[in-house]
Number of protein chains: 2
Amino acid sequence: MELSERRKKILQIVVDDYIQDIEPVSSKKVQQSYLQELSTATIRGELAALEDMGYLAHPHTSAGKIPLPKAYRYYVDKLMGRGALSEDEIDYIQSRFTSNINETEALIKNAAKVISDITNYAGLGIESDGKDERIDNIKLVLLSPSTALLIVVTQSKVLKDSILETGTIDEMYMETGGEILRKIFCGKKISEAVKIGSALIEKEFNRYRKLFENILHILKDYIKQDFENVFTEGAVNALSNPEFSDIERAKKFLSIVGSKEKIASMLRQDNANSVELTVKIGSDENEEYKDLSLVTANYSLKGKALGASGVIGPIRMDYRKVISVLECIRSTIDEMLKN
Amino acid sequence: MELSERRKKILQIVVDDYIQDIEPVSSKKVQQSYLQELSTATIRGELAALEDMGYLAHPHTSAGKIPLPKAYRYYVDKLMGRGALSEDEIDYIQSRFTSNINETEALIKNAAKVISDITNYAGLGIESDGKDERIDNIKLVLLSPSTALLIVVTQSKVLKDSILETGTIDEMYMETGGEILRKIFCGKKISEAVKIGSALIEKEFNRYRKLFENILHILKDYIKQDFENVFTEGAVNALSNPEFSDIERAKKFLSIVGSKEKIASMLRQDNANSVELTVKIGSDENEEYKDLSLVTANYSLKGKALGASGVIGPIRMDYRKVISVLECIRSTIDEMLKN
DNA sequence: ATTAGCACTCTAACATTAAGAGTGCTAAAA
DNA sequence: TTTTAGCACTCTTAATGTTAGAGTGCTAAT
């Protein structure tokens with residue numbers, strides 16, 4: 001059932017107002033914004049109706065109305081105008097993306113940082129795990145007589161954090177080992193590579209067995225780890241918001257923001273989704289997140305999802321500002337990726 | 001001037017007590033712990049004397065005494081007994097260090113994490129920058145036709161986060177480039193390498209000029225960046241401490257802990273020092289840190305400083321517990337490094 | 001359908017009170 | 001000379017009451 005135009009208008013005013021002042025909005029306040037020759041009494045009637053429908057609530061009898069999640073949802077979907085950023089803000093955002101960033105992780109981290117600096121919320125970034133990407137290149141580099149670095153290159157990433165203890169071996173051995181790896185693994189997905197490798201290891205490469213076992217182990221670990229690719233930036237910023245003036249809520253917020261698992265679980269569904277912009281309001285299913293909202297923008301290159309970045313903050317959030325910022329960053333990054 | 005035994009005893013009781021309960025300690029309370037046939041009046045006299053000497057203060061006329069930084073200092077240096085950890089705690093700590101960790105960074109990060117988990121404060125870690133270490137090995141690895149990874153190996157570290165845009169080049173070219181680099185740079189310190197490289201680049205290697213300029217640029221950046229090697233873990237934990245129930249102080253704390261620069265500046269002097277354990281109480285010189293304390297343990301291998309890890313928290317901190325934990329971790333790591 | 005008007009509710013700020021904790025001082029006791 | 005008992009005094013904290021103001025919800029009139 002659709003709301004009447006008047007109710008829409010009133011709802012919008014209440015939400016706008018509450019987002020700004022974080023105070024229950026009274027009928028009088030609405031009247032001042034709505035001006036139109038409506039009495040407070042009439043407005044009170046309308047407010048009462050919106051309350052009955054589950055959009056609004058009031059904290060106690062003699063208080064104004066505050067928006068419920070349903071109101072924010074409606075506001076974001078249908079009421080909120082698209083606010084423009086100022087020239088300065090756009091310039092600032094663009095200036096933060098000029099340096100040549102050549103890794104997805106750095107790109108997304110940077111986006112999260114910018115977001116957190118310019119909005120007053122915590123910025124977050126998620127890198128697509130790329131587990132089903134194909135291996136472009138794989139290299140073994142001897143660092144010292146008994147350690148080697150394993151490098152795996154996929155379309156969007158370079159995995160290079162795994163140092164192997166090899167026991168004493170020589171350059172030639174390593175070289176040949178690398179070539180074998182490339183022959184077998186290039187063009188395969190990592191998960192496939194693990195399977196194939198496990199099968200082959202038994203039969204063929206006795207000489208390389210130990211080494212390859214190590215490598216397979218690393219790849220398996222990589223597949224297992226699910227949350228390593230979530231970052232947050234500037235959570236402290238978000239504490240300036242009055243909803244966190246209560247230390248307990250602040251702690252709860254920080255511990256959610258600090259937990260890659262929790263962030264990942266909040267994002268899971270949306271991330272699968274290929275929508276460009278996602279607004280998740282007061283996470284419906286989980287009590288723990290009920291007063292938080294999460295707005296994210298997805299990035300992709302040539303149809304391949306790179307990841308996403310966005311904002312996590314109190315449910316009373318300046319959605320207009322946040323969404324404008326995210327859109328601006330999205331387009332800045334798109335521009336960048338063309339080169 | 002030395003304190004009398006009795007005053008020492010009383011001071012110790014006050015500090016111990018205050019650390020536990022975070023309440024001004026009254027003469028009566030001291031009497032209960034001191035038992036000995038002393039009246040509260042006498043104790044009051046002694047407390048007043050300690051106050052005159054700058055060890056104690058009272059928040060208002062009718063309140064008990066609280067320790068000042070001078071008292072904590074004295075307490076840590078002379079009064080505090082060495083408390084033993086329980087078997088369980090020791091086991092727990094050791095269990096967190098079994099997995100084979102083969103990088104200094106990972107080791108120190110892990111230590112910081114363990115510290116934060118077991119004490120209720122924020123754990124921190126600093127990796128020695130190793131800028132005056134000699135280069136053991138240097139490698140260039142072609143990742144794709146137009147990007148390469150630069151790897152620099154020193155005694156305690158592997159720098160491997162710099163991806164070069166090279167323009168289209170081939171494997172041979174890269175190979176030879178790497179060999180030249182090794183010839184010139186191995187055995188030199190990074191800072192020396194930069195100087196030598198800058199000089200040579202002019203005359204000799206026209207073919208490699210562009211590539212080497214890139215590499216020098218990366219090395220210079222590395223020398224410039226001062227704070228990349230500071231980590232903190234579990235700052236949220238520390239918020240459980242009552243001194244941070246005021247949101248403003250909590251924010252201030254978090255912003256200090258979140259700033260690598262600030263942590264580094266607090267540690268600078270101590271880190272140079274080669275003492276095994278450092279306790280910094282209510283940083284004397286800087287107003288901003290005056291109600292924080294910092295306890296760190298240094299690690300080294302074969303006489304070479306690897307880094308340090310420790311705790312940052314409120315000046316009223318359970319020094320005994322913290323120091324015991326750090327000592328335990330130190331010895332666990334020492335044990336580990338022997339292998 | 002809208003509005004004026006009014007009773008009613010709840011908050012927030014402020015003042016008042018009373019109890020309790022603890023000090024600092026002094027004069028007496030050891 | 002050191003210790004102690006005793007007491008006046010200060011300050012905190014919690015409980016209680018008071019009041020003004022904001023805002024609602026309802027009803028009867030427009």
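Just so it is clear, the model here is predicted, and its values are computed rather than measured. Every chain is numbered from 1, with letters handed out A, B, ... down the list of sequences.
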### Task
Send over the distance from B:K28 NZ to D:dA5 P, rounded to a whole Å.
14 Å
### Query
C:dT23 phosphate, OP1 or OP2: any side-chain N/O from B:K29 under 4.0 angstrom?
no
### Query
Of all the choices, D:dC11, C:dG24, D:dT4, which nucleotide is nearest to the side chain of B:E51 once you look at every atom?
C:dG24
### Task
Could you tell me the separation between the CD atom of B:E46 and the C1' atom of C:dG24, rounded to a whole number of Å?
15 Å
### Task
Give a yes/no on whether any side-chain N or O of A:S62 is located under 4.0 angstrom from OP1 or OP2 of D:dG21.
no
### Message
Between A:K260 and A:T232, do the side chains contain a donor N or O and an acceptor N or O under 3.5 Å apart?
### Response
no
### Task
Would you please confirm or rule out a distance under 4.0 Å between OP1 or OP2 of D:dT3 and any side-chain N or O of B:R6?
yes
### Query
C:dT2 C1' sits how many Å from A:L47 CG, rounded?
15 Å
### Message
So does B:N298 get a backbone contact from the side chain of B:R330, meaning a donor-acceptor N/O pair under 3.5 Å?
### Response
yes
### Message
Can you tell me if B:K65 touches the phosphate of C:dA21, counting only side-chain N or O atoms and a distance under 4.0 Å to OP1 or OP2?
### Response
no
### Query
Starting at the 5' end of DNA chain D and moving along, which residue's nearest nucleotide shows up first, B:H60 or B:T40?
B:T40
### Message
At 4.0 Å (heavy atoms only), tell me whether A:A63 reaches a base, stays on the sugar-phosphate, or touches nothing.
### Response
sugar-phosphate
### Message
Rounded to whole Å, please give me the gap between CD1 in B:I66 and P in C:dA21.
### Response
20 Å
## Note on the structure
B:L56 atom CG is separated from C:dG24 atom P, nearest whole Å, by 11 Å
### OP1 or OP2 of C:dT3 under 4.0 Å from side-chain N/O of A:S39
yes
### Query
Any side-chain donor paired with an acceptor under 3.5 Å for A:K280 and A:S293?
no
### Task
Whole angstrom is fine here: how far is it from CZ in A:R7 over to C1' in C:dA1?
12 Å
### Query
Checking only heavy atoms, does the side chain of B:T61 share a donor-acceptor pair with the base of D:dC11 at less than 3.5 Å?
no
### Query
Do the side chain of B:Q31 and the main chain of B:L38 share a donor and acceptor less than 3.5 angstrom apart?
yes
### Task
Go through C:dT23, C:dT3, D:dG23 for me and flag the one nearest to the B:S26 side chain.
C:dT23
Let me have the donor-acceptor pairs involving side chains of residues 12-19 of chain A, under 3.5 Å, with sequence neighbours excluded, atom names and distances please.
from: A:D16; atom 1: OD1; to: A:Y75; atom 2: OH; distance (Å): 2.5
from: A:D17; atom 1: OD1; to: A:K29; atom 2: NZ; distance (Å): 3.3

### Task
Please tell me which of the listed nucleotides, D:dT24, C:dT2, C:dA4, lies nearest to the side chain of A:T42?
C:dT2
### Query
Given atom CG of B:L38 and atom C1' of D:dA5, what is their separation to the nearest angstrom?
14 Å
### Query
Between C:dT3 atom P and A:I43 atom CD1, what is the distance in whole Å?
9 Å
